[in-house]
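Chain A is the first sequence line, chain B the second, and so forth, proteins listed ahead of strands; every chain is numbered from 1.
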There are 2 protein chains.
Amino acid sequence: MEQIGPEHLARRLRDIGQRVTPQRLAILGALRPGEHLSADEVFAAVESSLPGVNRSTVYRTLEMLRDLSLVSETDLGGGARQYERIEGRHHHLICQGCGRQQELEDALVAPLRSTIFERYGFAAGIEHLAIFGLCGECAR
Amino acid sequence: MEQIGPEHLARRLRDIGQRVTPQRLAILGALRPGEHLSADEVFAAVESSLPGVNRSTVYRTLEMLRDLSLVSETDLGGGARQYERIEGRHHHLICQGCGRQQELEDALVAPLRSTIFERYGFAAGIEHLAIFGLCGECAR
DNA sequence: ATCGCAGATGCAACTTTTTGCAGGTGCGGT
DNA sequence: ACCGCACCTGCAAAAAGTTGCATCTGCGAT
């Protein structure tokens, strides 16, 4: 059971050589594992706890957090991308027929990661994959 | 060696129950395997061969072609998504350190597709994966 | 060949995301 | 405790992508 607090986040940022700013704490604090938010929703949440924050700061910070693998960014083609704090790898199967989503355990994806490393020496991230296709029902 | 012409594309569209329109032929015709274009570049190309086409038509058509797996859509985080005609599956390894791209054969990804199908009965597309991470050089 | 209509397109407004730049601020070094 | 400056942020404008609606058009049925 991991407790997350401002100091925890601050340490995590500092550990990876990033500056700790109120904006970043607020943005990271607005995200939690298992909850998908759009950039705009993040903005709204941050705005209430720290008025005056700019949209572009939210976008830039989310981009940075994505690059650091602290946050996943997923484009479900629905007009706005979804952001989520990463706490352990997981993936989604998205049916293009009915739109339903299903979680996919990382165990199935892990072999791909290792194969890629063996074959290319490439350390693949693959923190959060969005795999599109057709579910059993819709395939018929 | 596959020859592609307007009639070929038309047949392909009709086969999957889609209407054949000059706009669609032009858009599909502007794309070719191995060449990544942004939506705007597609628009420019189409515009010259078929003046008056609207941007939103380009976006809507690209979206449809993506859903039909005729075209791949990839977000390389560089401001605009890249589109490419699919002729056989292939994937990319993208290094977040140096930005270099490397092709990844589908053979390595195919097992994931089958595992997902066995386990969930889900027919995954995965036509064109963009996998981020660190190449051998940058990992050091 | 013609008709009818579901599906496509053009248009315009709107939302979402990116970018250049000027000023502000965290934090390592003193 | 204070300085300096590289890194951040806010701002404003532009670029990229989406949507609602009225009109148009491919194509199956007549």
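Donor-acceptor pairing under 3.5 Å, judged by distance alone, is present between the side chain of B/Ser56 and the base of C/dC11. Looking at A/Arg60, its side chain comes within 3.5 Å of the base of D/dG10 through a donor and an acceptor atom.
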Checklist entry - Should B/Leu129 and B/Leu104 be marked as a side-chain contact (heavy atoms from CB on, under 4.5 Å) after you check the CA-CA gap, both sets of side-chain angles, and the distance that decides it? => result CA-CA 9 Å; B/Leu129 220 48; B/Leu104 170 68; 6.0 Å; no
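Closest to the side chain of A/Arg14, from the set D/dG10, C/dC27, C/dG26, is C/dC27. Taking only side-chain atoms of B/Arg19, from C-beta outward, the nucleotide of C/dA8, C/dT16, C/dG10 with the closest atom is C/dA8. In this structure, of D/dC8, C/dT16, D/dT18, it is C/dT16 that holds the atom nearest to the side chain of A/Asp40.
One atom, CG of A/Asn54, and another, P of C/dT18, lie 14 Å apart when rounded to the nearest Å. Here D/dC8 presents its P atom at 14 Å from CG of A/Leu28, a figure rounded to the nearest Å.
Ring to ring, B/His90 and B/His128 are close: their centroids are under 6.0 angstrom apart.
To the nearest 0.5 Å, the span separating CZ on A/Arg85 from CD1 on A/Ile27 amounts to 14.0 Å.
Side chains of B/Arg12 and B/Gln18: a donor-acceptor N/O pair is absent below 3.5 angstrom, by distance only.
Heavy-atom distances to DNA chain D give each of B/Gly79 and B/Gln18 a nearest nucleotide, and the one nearer the 5′ end belongs to B/Gly79.
Put simply, B/Tyr59 has no side-chain N or O that comes within less than 4.0 Å of OP1 or OP2 on D/dT18.
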